Amino acid sequence: MKNRTLKTSCLIVMIMILLSGLSGCKRKDPNVKVIGISAPSNDIQRWAVETVQMKERLQEKGYEVIVQYASSDISMQISQIENLIAKDADVLIVIPVEAASLGEAMDMAIEHKIPVISYDMLITNTDAVSYYTTFDNYKVGSIQGQYVKERLDLDRAGRTYNIEFTAGDPGDNNAGFFYNGAVDVLKPYLDSGVLRIQSGQDSFGKCATPSWNTEKAQQRAENILASYYNDQDVDIWLASNDTTALGVSSALAISYKGKYPIITGQDCTLINVRNILDGKQAMSVFKDPAMLIDATVKMVDEIISGQPVTVNDTKTYFNGIKIVPSYLCEPIYVDKDNCIEILTSCGFYTIDQLK
Ligand code: BGC
């Protein structure tokens, strides 16, 4: 009798060990949906802040959230996405290191039927992207062009202004939209000669900045300044974003003696906002992360609950394979006069940070 009780207890213990072993391979609670977020790196202010906020928002809604940063390394991002898929993610939110290089990981997402939301930057050359949440990227460029047009009243200029362009990363699908948005506003003035590009670097390819890298933007600006602006002013430097605007302002600080130009930017990165307040950059474009995060979290909810997914653009974003249904948020322009009000009222920065 004693022997039988012992055998039964041993059996129960073995079953318990077996069950706990099995549950270790699965998610903690099968009813909790898992959202995987793959970001290029947390060295860039935007991705560091936005991924953390998005994680919190999704957790509040009861999701399990796994965030991975790829140190700006494409192969690392591919294996991290594969890892998220292996961990049974129900939806993937991906900010690609490089638009066209996630093929293998995206094939795996298709195999496992996992919906992929491309966040801010579009993943190209794959069928796997289900949706895209971003800002109206063309409008970001238009806002920069419009700012220059209005500041210098180009319709009534009566003189020529010198302008140079610094565009973004050729591997980022957004970069061409920014550049074209700005050039389309300024083209009539480039055509009529009111604006002149002394360097002759007048195409996206010639003005691009690999990886949006500040030092590369600085190097190119230094070369242009040394070759064309020793005895004349550069009046406008249309930089597509803040990291490149920083390269331009550093180049000007080193070698330029002329009248300080209007420099544009995008992102309202802290150091650039300080430059705006100090008169070293004229404007930036604010892309309120709360808007993009709201749109993305809503999309996740809709996908998970099988509701129709809210998009507001089904024409613009062809990724080389298909037009990706997109939700575009509104960018807003920020300069010295409105930056403190706009950036502190929504909690993006505190007053102390901008002092
Ligand atoms: C983003 C910009 C950012 C740039 C560099 C773009 O895709 O839309 O906000 O400035 O990447 O990180």
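For clarity, every value in this text was computed on a predicted model and none was experimentally measured. Remember, it's 1-based here, ligands and their atoms both numbered in the order they're listed.
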Salt bridge (Lys or Arg N to Asp or Glu O under 4.0 Å) partners of residues 189-206, not counting sequence neighbours, each pair once: Lys187-Asp191, Asp202-Lys206

Without placing hydrogens or testing angles, list every side-chain donor-acceptor pair under 3.5 Å for residues 98-113, not counting sequence neighbours.
from, atom 1, to, atom 2, distance (Å)
Glu98, OE2, Ser101, OG, 2.6
His112, ND1, Met108, O, 3.0

Identify which one of Asp172, Thr243, Asn241, Asp267 satisfies the side chain to side chain donor-acceptor pair (under 3.5 Å) criterion when paired with Trp212. Asp172

Test of understanding: with side chain to side chain contact (heavy atoms under 4.5 Å, CB included), list the residues that count as partners of Arg159, not counting sequence neighbours. Tyr161, Asp235

So do Leu328 and Tyr317 actually touch side chain to side chain, heavy atoms under 4.5 Å? yes

Measuring from each atom of ligand 1, which residues have a heavy atom under 4.0 Å away? Arg46, Asp120, Met121, Asp172, Asn174, Phe178, Trp212, Asn241, Gln266, Asp267, Lys287

Tell me yes or no: between the side chains of Arg220 and Thr166, is some donor less than 3.5 Å from an acceptor? yes

